[in-house]
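Here's the structure, in structure tokens; my notes come after.
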Protein chains: 2
Amino acid sequence: MGVQQRVGLNVRRFRKERGLSQEGLAFECGIHRTYISGVERGIRNPTVVILEEIAMALKVPTWRLLEDLPDKSKG
Amino acid sequence: MGVQQRVGLNVRRFRKERGLSQEGLAFECGIHRTYISGVERGIRNPTVVILEEIAMALKVPTWRLLEDLPDKSKG
DNA sequence: GTGTGACTGCTAGTCCGTG
DNA sequence: ACACGGACTAGCAGTCACA
């Protein structure tokens with residue numbers, strides 16, 4: 001599990017918690033929807049500035065996007 | 001206080017806690033020393049992959065590099 | 001509403017040298 | 001051991017057409 005995948009999973013989770021579509025989130029943080037898509041799929045390697053933009057739109061602290069998942073495939 | 005400054009301060013703090021020089025840290029994470037310098041000064045906008053590289057060399061969770069400072073200019 | 005490959009402009013990241 | 005600048009290469013930011 002790379003850091004990009006972790007970020008992607010977190011973005012997707014927080015986005016769904018807020019009931020937003022990728023397009024809605026893209027609009028709120030001023031980033032293209034296909035880029036959001038790439039981040040969520042873990043194929044993009046965003047900078048900390050982009051991370052902060054997304055986190056602000058998601059209304060979560062930036063560092064939460066890097067957090068490890070709490071109970072996904074836990075052992 | 002931008003996210004880059006926050007990252008820079010955290011990197012510097014954890015590096016000093018580990019008693020490493022910038023060159024030492026640069027060697028341990030395989031990143032150029034001048035780049036580490038730029039990150040610490042907050043003039044660079046590193047990617048999450050770079051963040052993870054630095055965090056691993058610092059032996060701290062990646063998200064800690066984005067954490068807000070505990071008692072610096074606290075109100 | 002989302003996934004994906006390709007594309008261009010710009011910056012992330014490297015390397016050399018100075019104080 | 002660190003700050004800072006210039007030049008360079010690899011890769012990211014930002015966008016589109018198509019499925």
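Quick caveat, the model's predicted, so the values are computed rather than measured. A note on names: the letters A, B, ... follow the listed sequences, proteins ahead of strands, and every chain is numbered from 1.
Cluster annotation: A:Val7 and A:Ile43 are assigned to distinct hydrophobic clusters (Ile/Leu/Val/Met/Phe/Trp/Tyr, side-chain heavy-atom contacts under 4.5 Å, transitive). Cluster annotation: B:Trp63 is not connected to A:Met56 through the hydrophobic network of ILVMFWY side chains, with a link wherever side-chain heavy atoms come within less than 4.5 Å.
At the heavy-atom level, B:Glu23 lies under 4.0 Å from the strands shown only through sugar-phosphate atoms. A:Ser21 comes within 4.0 angstrom of sugar-phosphate atoms only, judged by non-hydrogen atoms across all strands, and of no base.
Against DNA chain D, the stretch residues 54-63 of chain B makes no heavy-atom approach under 4.0 Å.
D:dA1 atom C1' lies 17 Å from atom CZ of B:Phe27, rounded to whole Å. Rounded to whole angstrom, the span from the CD1 atom of B:Ile36 across to the P atom of D:dC2 amounts to 11 Å.
B:Glu52 meets the side-chain hydrogen bond (donor to acceptor under 3.5 Å, both in side chains) test with A:Arg6, B:Thr62; sequence neighbours excluded. The side-chain hydrogen bond (donor to acceptor under 3.5 Å, both in side chains) search around A:Glu67 returns A:Arg64, not counting sequence neighbours.
Side chain of B:Glu40 to main chain of B:Gly8: no donor-acceptor pair is present (N/O by atom type, distance under 3.5 Å, no hydrogens or angles).
OP1 and OP2 of D:dA1 both lie 4.0 Å or more from every side-chain N or O belonging to B:Arg12.
For B:Arg33 against C:dG17, a side-chain-to-base donor-acceptor contact under 3.5 Å is present. Looking at A:Arg41, its side chain has no donor and acceptor atom pair within 3.5 Å of the base of C:dT4.
Taking all atoms of both residues into account, the shortest heavy-atom contact from B:Val48 to A:Val3 is O-CG1, 3.8 Å. Taking both residues in full, the closest heavy atoms of A:Gln4 and A:Arg44 are given as NE2-O, 3.2 Å, listed atom of the first, atom of the second, then distance. Closest heavy-atom contact between B:Leu58 and B:Leu20: CD1-CD1, 4.5 Å.
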Indicate every side-chain donor-acceptor pair of residues 23-35 of chain B with a distance under 3.5 Å to a residue at least two apart or in another chain.
| residue | atom | partner | partner atom | Å |
| --- | --- | --- | --- | --- |
| B:His32 | ND1 | B:Thr34 | N | 3.3 |
| B:His32 | ND1 | B:Thr34 | OG1 | 3.0 |

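The distance from the CD atom of B:Glu53 to the CD1 atom of B:Ile36 is 10.0 Å, given to the nearest 0.5 Å. How far CG of B:Leu51 is from CG of B:Leu65: 5.0 Å, rounded to the nearest 0.5 Å.
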Letter per nucleotide, 5' to 3', of nucleotides 9-15 of chain C [B base touched, S only sugar-phosphate touched, - untouched; heavy atoms, 4.0 Å]
---BBBB
Under the 3.5 Å Watson-Crick or G-U criterion, the dot-bracket string of DNA chain C, with | for inter-strand pairs:
.||||||||||||||||||
